[in-house]
A.B. asks: 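The structure under discussion is supplied below as C-alpha cells; questions concerning it will follow.
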Amino acid sequence: MVNVVCSKFNSDRGRLIDILLDIQSTARHIGEEAIEEVASALGIHRVEVEGVVTFYSFFSQTPKGRVAIRLCDDIIDRHAGAEAVGQVFSEALGIGYGQTSTDGRFSLDKTACIGMSDQAPAALINNEVAPSLTPDTARRIALRLVQGMPPESLFEDFGDGNNSHPLIRSAVNNNIRLIGDILLAGDIESGKGLERAFALTPERVVEEISGSGLRGRGGAGFPTGKKLALARAFPAQRRFVICNADEGEPGTFKDRVLLTERAELLFDGMTIAAYAIGASEGILYLRAEYSYLRGYLEEILARRRASGLLGGEIHGSKGFGFDIRIQMGAGAYICGEESALISSCEGLRGEPKNRPPFPVEKGYLGYPTVVNNVETLCNISRIMERGGAWFASYGTGQSAGTKLLSVSGDCGKPGVYEAPFGLRVRELLEMVEADNPAIVQVGGPSGAMIGKVDFDRRICFEDLPTGGAVMVFGARRNALKIVDAFLEFFIDESCGYCTPCRVGNVFLQERIQKIMNGFGETGDMDYLESLSRTITATSRCGLGATSSRPVTSSIQQFPLVYASLTKEPKDGLHAGFDIQRGLEISRKIARRQSMIYDRRYGEEDGQA
C-alpha cells in the first residue's frame, strides 16, 4: 500500500506530508514498517520521515479509531461547555482522552482550536465538523456512531451560504454579522480585478497595490506592494505565490468564511500576485481542520483551468501561465509563520527557517516566494477591480481598508464582522452584544489582553493590531486561568527548537499556576516580567517572540488581580516551585526537535 501511495505522488520527497496523510487516512496510523517503506521509496533517511510524523498532531504512530473524534480544547470551548460534552462522548464510547476502543472503532482526543470558536464547543469527527455541541447533541451523535452511522451522514441540516453546497454539506454556519464594502459586499463580481490587472503591466499592478496602502492581514502588517516588488526584483528562474490558509490562532475563523464564500476572489488574488511578480506556480496551504472544504476548492480550481483562468496563457496573455495546487497541513500552529509554512510545503517539519534570507529572496525550494493569507489576497482582487484610491478611502492613515474580525466568547452575536480600520473596541463590543465585558483579547493568545480602561482604543496597526481574533470575556471569568490556558497552548505548539521558548514558557506557566494556587509572592511579578523579556528577545520565531504576551499584558492591565494573590514571603522562606516538573515538560518538548537533529545530513530540516 505504501509504495502505491508514494507512486501517486511520484515518490516526490517534497510531497511527504501528502503521502503520510494518505497513509494515515487508510491505515489509521503510520507505523514503524510504513515509516521504513516511505523512507526507502523516497530515498531519504528513516529519521527524516519519523521526524515529520512526530511533529504534526494529525499523524499517529499508534492506530486511531475508524472514527476519530477530536474535541476542541481552547479557552472559548472550555467556557462554552466542552468538558461536559467530552464527558458524554467518553461515557457513550467507553474510552477516555487519548484512547482507542478495543474494537478499533473509535478514538477520542482533545485538539487545539479548529476554527469554530463562533460555534463552540465544536469537534472534528474524522473530517466532519460538529459545531455548537451540547451534552444532548453529543449523546445523539455518539449513539448514531455506535449504531454504525458514518460521520458524513450525521447531519441533516446544513449551514448557510455555500456550507450547503453539494461538495461541502457541512453543519458549519458562516455567522457573518457585519457586511462591509470590500470583502463581504453582496455585489462582488469575481474576475473583474483579474481582467483589469491583465490590462496593465506587472509593474503597474505592483504600483497600484502599493498605492492602496494594503498591509498583510496576518497581524504583522508588512506592506503587500513592497513584498511583491521585492520578490519581482530578485533575479530567479522560478517564483512562487503561496496562500496561507492555516489560521491556527485560537479565536480566528474569518478566513474559513472567505474560503467558503469568496474562493474565486482568493484565486483571482493569487493569480494577480503571480502576474505581478512573474510566478508560474502557486500553493494554497489549507489547514487540516478545514479539509472538509478541499473538494469544493479543488472543483473551483478545475473549473478555472477549464475556462482558461489557470494554466497556460491566462486571459490570452502570451508568456504568462499560472496554476495552483492545494497542500494540506497536518495540524501545527507554528505553520502559520511563513517560513515554517514553506518548510511544511517542502515536506519537512514545520520549523521556521533562519532569516535572512527572507522568503521574497529565497523561499519555497530556494526561490523567491510571496506568502500572504486569504484575506490579503482577496483584498488584492478588490484593489485591482476598484482601484487603490478607493481602497485607501477606508480605514485610517496607516491602516487602509477594512478588517475582518472573528469575534467569540461572552457575547450575544459571535461571528465575522467587516469593519473599517479604526473601529474602537467599545463600539465592537456594542455590536456583538457583549455581556458585561471585563477582558478582551485582541489578536488571539499572541495579541494584547485589555481591560475596561482601554476599551476606547482602536483596532488598527497604529494602536491594536490583530490578525482577526477578538475574544470577549465577561466579569465572571478568571484572568489568570485565561493566561494559563494560553501558555498551555504555546507550550503544546512549540516546535522545541530553541531553549527560551521550550523551557521559558513552561517556567512561566509554573509560576502563574503557583500564584493561582495561593502561593504567590511579591517577587513573582519581577520574575515573570524578566523571564518574558528574555523569551521575547532570544526566541527564534514569532511564536516565542509573542508567547509571553498573555503574561505581560495581564500584569499591566490587571495588577490588582496579581496583587490580591501575592504576599511577602515569611521569615525569608519562599513558596515551593517544582523546577523538576517544569524541566521534565520542557524535555518532552525538546524531543520533538532533538530526535531528528543530525549534522550528518548537513542541515536542520532545510535550515542550514
Side-chain angles (χ1 to χ4, degrees), residues 72 74 76 113-120 122 124 128-132 158-165 167-188 190 217-219 243-270 284-297 300 326 329 336 372-382 401-409 411 413-420 423 428 431-432 443-444 459 466-471:
C72 186
D74 66 16
I76 298 296
C113 184
I114 61 174
M116 300 290 160
S117 297
D118 56 327
Q119 38 214 305
L124 287 173
E128 303 299 319
V129 180
S132 304
F158 304 125
D160 55 351
N162 284 330
N163 287 295
S164 62
H165 189 282
L167 292 176
I168 300 180
R169 294 172 59 85
S170 172
V172 173
N173 279 301
N174 289 321
N175 282 338
I176 297 173
R177 303 289 189 175
L178 180 63
I179 297 175
D181 294 333
I182 295 181
L183 296 183
L184 298 180
D187 61 347
I188 295 176
S190 65
R217 295 311 199 232
C243 173
N244 181 352
D246 190 58
E247 57 173 358
E249 188 84 32
T252 309
F253 46 85
K254 45 89 181 178
D255 283 353
R256 179 199 82 211
V257 173
L258 292 176
L259 289 165
T260 305
E261 302 299 332
R262 294 288 184 263
E264 294 277 10
L265 200 65
L266 165 63
F267 294 139
D268 280 352
M270 291 182 70
L284 170 62
Y285 187 92
L286 185 66
R287 68 184 310 221
E289 293 84 352
Y290 292 169
S291 61
Y292 73 98
L293 294 172
R294 183 175 184 176
Y296 168 71
L297 295 171
I300 292 176
I326 295 178
N372 278 121
N373 72 0
V374 177
E375 185 180 357
T376 309
L377 290 160
C378 286
N379 272 311
I380 285 178
S381 301
R382 292 290 277 158
T402 60
K403 184 75 190 78
L404 296 191
L405 301 171
S406 310
V407 185
S408 61
C411 59
K413 293 183 177 179
V416 175
Y417 293 73
E418 182 184 7
L423 180 72
L428 179 63
M431 289 182 198
V432 306
I459 296 174
T466 173
V470 178
M471 300 179 180

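This chain uses plain numbering: 1 for the first residue, then up along the sequence.
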A.B. asks: Which distance, rounded to the nearest 0.5 Å, do you find between the SG of Cys243 and the CG of Asn373?
C.D. replies: 7.0 Å
A.B. asks: Would you name the heavy atoms of Ser408 and Ser117 that are closest together and state the gap between them?
C.D. replies: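 Answer, listing the atom of Ser408 first, then Ser117: CB-O, 3.5 Å.
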A.B. asks: What's the separation between atom CZ in Arg256 and atom CG in Asn174, rounded to the nearest 0.5 Å?
C.D. replies: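 Answer rounded to 0.5 Å: 6.5 Å.
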A.B. asks: Is there a side-chain contact between Ser291 and Leu286, using heavy atoms and a 4.5 Å cut-off?
C.D. replies: no
A.B. asks: Output yes when a side-chain donor or acceptor of Ser406 lies under 3.5 Å from a complementary backbone atom of Thr252, and no otherwise.
C.D. replies: no
A.B. asks: Ser381 and Leu265: which non-hydrogen atoms are nearest, and at how many Å?
C.D. replies: OG-O, 2.7 Å
A.B. asks: Identify the residue among Arg382, Arg262, Glu261 that makes a side chain to side chain contact (heavy atoms under 4.5 Å, CB included) with Leu183.
C.D. replies: Arg382
A.B. asks: Can you find a heavy atom in the side chain of Leu266 that is under 4.5 Å from one in the side chain of Leu297?
C.D. replies: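 No - every pair of side-chain heavy atoms lies 4.5 Å or more apart.
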A.B. asks: Is a side-chain donor or acceptor of Gln119 paired with a backbone partner of Pro131 at a separation under 3.5 angstrom?
C.D. replies: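 No, because the side chain of Gln119 does not come within donor-acceptor range (under 3.5 Å) of the backbone of Pro131.
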A.B. asks: Which atom pair, heavy atoms only, marks the closest approach of Pro250 to Met471?
C.D. replies: O-CE, 2.8 Å
A.B. asks: Is the shortest side-chain heavy-atom distance between Ser170 and His165 below 4.5 Å?
C.D. replies: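 No, too far: nothing below the 4.5 Å cut-off.
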A.B. asks: List the atom of Ile114, the atom of Cys72, and the distance in Å for their closest heavy-atom pair.
C.D. replies: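 So the two residues come closest at N-SG, 3.8 Å.
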A.B. asks: Would one find more than 12 heavy atoms of other residues, nucleotides or ligands at under 6.0 Å from atom CZ of Arg294?
C.D. replies: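 Yes, because the 6.0 Å sphere around CZ of Arg294 holds more than 12 heavy atoms from other groups.
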A.B. asks: Rounded to the nearest 0.5 Å, what's the gap from CE on Met431 to NZ on Lys413? Could you check?
C.D. replies: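 Met431 CE to Lys413 NZ: 11.0 Å, rounded to 0.5 Å.
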A.B. asks: Look at the side chain of Asp118 and the backbone N and O of Pro414, then say whether any donor-acceptor pair between them is shorter than 3.5 Å.
C.D. replies: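 Pair absent, no side-chain N/O of Asp118 close to backbone of Pro414.
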A.B. asks: Looking at CE of Met116 and CG of Asn175, how far apart are the two atoms once the value is rounded to the nearest 0.5 Å?
C.D. replies: 10.5 Å
A.B. asks: About how many Å separate CG of Leu377 and CG of Asp268, when rounded to the nearest 0.5 Å?
C.D. replies: 11.0 Å
A.B. asks: Would you please test Leu405 and Leu423 for side-chain contact (heavy atoms from CB on, under 4.5 Å) and show each step?
C.D. replies: CA-CA 11 Å; Leu405 301 171; Leu423 180 72; 4.2 Å; yes
A.B. asks: Measuring only between side-chain heavy atoms, which start at C-beta, is Arg217 closer than 4.5 Å to Lys403?
C.D. replies: yes
A.B. asks: Measuring only between side-chain heavy atoms, which start at C-beta, is Glu418 closer than 4.5 Å to Leu178?
C.D. replies: no
A.B. asks: Are the side chains of Asp255 and Leu258 in contact, using a 4.5 Å heavy-atom criterion?
C.D. replies: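 Result yes, sub-4.5 Å side-chain heavy-atom pair found.
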A.B. asks: Locate the shortest heavy-atom distance separating Tyr296 from Asn162; write the atom from each residue and the value.
C.D. replies: OH-ND2, 3.0 Å
A.B. asks: May I ask you to decide if Asn173's main-chain N or O and Asp160's side chain share a donor-acceptor pair within less than 3.5 Å?
C.D. replies: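 Not confirmed, Asp160 side chain does not pair with Asn173 backbone.
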A.B. asks: Under a 4.5 Å cut-off applied to non-hydrogen side-chain atoms, are Ile459 and Thr466 in contact?
C.D. replies: yes
A.B. asks: May I have the step-by-step check of side-chain hydrogen bond (donor to acceptor under 3.5 Å, both in side chains) for Thr376 and Asn379, ending in yes or no?
C.D. replies: CA-CA 5 Å; Thr376 309; Asn379 272 311; 5.9 Å; no
A.B. asks: Once you round to the nearest 0.5 Å, how far does OH of Tyr290 lie from CG of Leu284?
C.D. replies: 12.0 Å
A.B. asks: With no hydrogens and no angle check, is any side-chain donor or acceptor of Glu249 less than 3.5 Å from a backbone partner on Gly467?
C.D. replies: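 No, because the side chain of Glu249 does not come within donor-acceptor range (under 3.5 Å) of the backbone of Gly467.
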A.B. asks: Do Leu124 and Val129 pass the side-chain contact (heavy atoms from CB on, under 4.5 Å) test, and can you show the C-alpha distance, the side-chain angles, and the key distance before you say yes or no?
C.D. replies: CA-CA 5 Å; Leu124 287 173; Val129 180; 3.7 Å; yes
A.B. asks: Treating Asp74 as the side-chain partner and Cys113 as the backbone partner, does any N or O pair qualify as donor plus acceptor under 3.5 Å?
C.D. replies: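 Checking the backbone N and O of Cys113 against the side chain of Asp74, no donor-acceptor pair under 3.5 Å is found.
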A.B. asks: Are any of the side-chain heavy atoms of Leu184 and Val416 separated by less than 4.5 Å?
C.D. replies: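 They are in contact (side-chain heavy atoms under 4.5 Å apart), so the answer is yes.
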A.B. asks: For residues Ala288 and Gly329, report the shortest heavy-atom separation together with the two atoms involved.
C.D. replies: CB-O, 3.4 Å
A.B. asks: Would you find a donor on one side and an acceptor on the other, under 3.5 Å apart, between the side chain of Asn163 and the backbone of Phe158?
C.D. replies: no
